[in-house]
Amino acid sequence: QVQLVESGGGLVQPGGSLRLSCAASGFTLDYYAIAWFRQAPGKEREGVSCLSTTDGLTYYTESVKDRFIISRDNAKNTVYLQMNSLRPEDTAVYFCATARYNFWATRWDSGDMYDAWGQGTQVTVSS
């Protein structure tokens, strides 16, 4: 059973930075992709970024492109999301997720592509 634990969230001022971490227990090479999603109250879950474990390709939703960077430390089974130039609209609970089977790159931002989820970490961007 894969367990994903997010950390690094908190309160930050607009324009600030945070780095989120997702530690995976039981992670293996069977997993095709690792992604970050976020959800704000009253909003749909949104794909933020994704990293393909097989070819290293990365994906970002347009609103975070050029501000966020996803990366992975294979030795630590940990994926990171470096968030820069944060905006109030980035406020949400951020979730880490992994996809093992039937991963399609064209649908990387669809939640139903993923079969394991962390509990989430709160990110609040406010003055």
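Only heavy atoms go into these numbers, but all of them, side chains included; no hydrogens, no water, no symmetry mates.
Not counting sequence neighbours, the partners of Arg67 by the side-chain contact (heavy atoms from CB on, under 4.5 Å) test are Val64, Ser85, Arg87, Asp90. The side-chain contact (heavy atoms from CB on, under 4.5 Å) search around Val12 returns Leu18, Leu86, Val125, not counting sequence neighbours. Looking at residues two or more places apart in sequence or on another chain, you find a ring-ring contact (aromatic ring centres under 6.0 Å, His included) between Phe37 and Tyr114, Trp117. Ser63 pairs by the side-chain hydrogen bond (donor to acceptor under 3.5 Å, both in side chains) definition with Arg38, not counting sequence neighbours. For Thr58, the side-chain contact (heavy atoms from CB on, under 4.5 Å) criterion is met by Leu51, Tyr60, Ile70, not counting sequence neighbours.
Remark: Gln82 CD to Ser17 OG distance equals 5.5 Å, nearest 0.5 Å. Put simply, OG1 on Thr98 and CD on Gln3 are 11.5 Å apart, with the number rounded to the nearest 0.5 Å.
Screening residues 53-85 for disulfide (SG to SG under 2.5 Å), with sequence neighbours left out, gives no hits.
The two residues Cys96 and Leu4 come nearest to each other via the heavy atoms O-CD1, 3.7 Å. Summarising the geometry of Cys50 relative to Phe103, their closest heavy-atom pair is SG-CZ, 3.8 Å, with the distance given to 0.1 Å. Across all their heavy atoms, Thr53 and Ala33 have their closest contact at OG1-N, 4.0 Å. Looking at every heavy atom in both residues, Ala99 comes nearest to Met113 through CB-O, 3.4 Å. Smallest separation of non-hydrogen atoms from Gln122 and Ala92: NE2-O, 3.5 Å.
The side-chain heavy atoms of Arg72 and Tyr80, taken from C-beta on, include no pair separated by under 4.5 Å. Leu20 places a side-chain heavy atom less than 4.5 Å from the side chain of Met83. Looking at Val5 and Cys22, their side chains never come closer than 4.5 Å, going by heavy atoms from C-beta outward. Between Val123 and Thr91, the closest side-chain pair of non-hydrogen atoms is not below 4.5 Å.
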(request) Go through Phe68 and Asn84 one step at a time and tell me if the side chain to side chain contact (heavy atoms under 4.5 Å, CB included) criterion holds. (result) CA-CA 6 Å; Phe68 292 8; Asn84 301 314; 5.8 Å; no

(request) Let me see the working for Ser21 and Glu6 under side chain to side chain contact (heavy atoms under 4.5 Å, CB included), right down to the final yes or no. (result) CA-CA 6 Å; Ser21 299; Glu6 302 95 333; over 6 Å; no

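For Glu44, the CD atom counts as loosely surrounded, since its 6.0 Å shell holds 12 or fewer non-hydrogen atoms of other residues, nucleotides or ligands.
Side-chain contact, Thr124 with Ser126: no donor N or O sits under 3.5 Å from an acceptor N or O. For Gln39 and Glu46, the side-chain atoms include no donor-acceptor pair closer than 3.5 Å.
Side-chain N or O atoms of Gln13 include none that pairs as donor or acceptor with a backbone N or O of Ser127 at under 3.5 Å. Without hydrogens or angle criteria, Thr121 side chain to Tyr94 main chain gives no donor-acceptor distance under 3.5 Å. Using modelled atom types, no side-chain atom of Thr54 and backbone atom of Tyr32 make a donor-acceptor pair closer than 3.5 Å.
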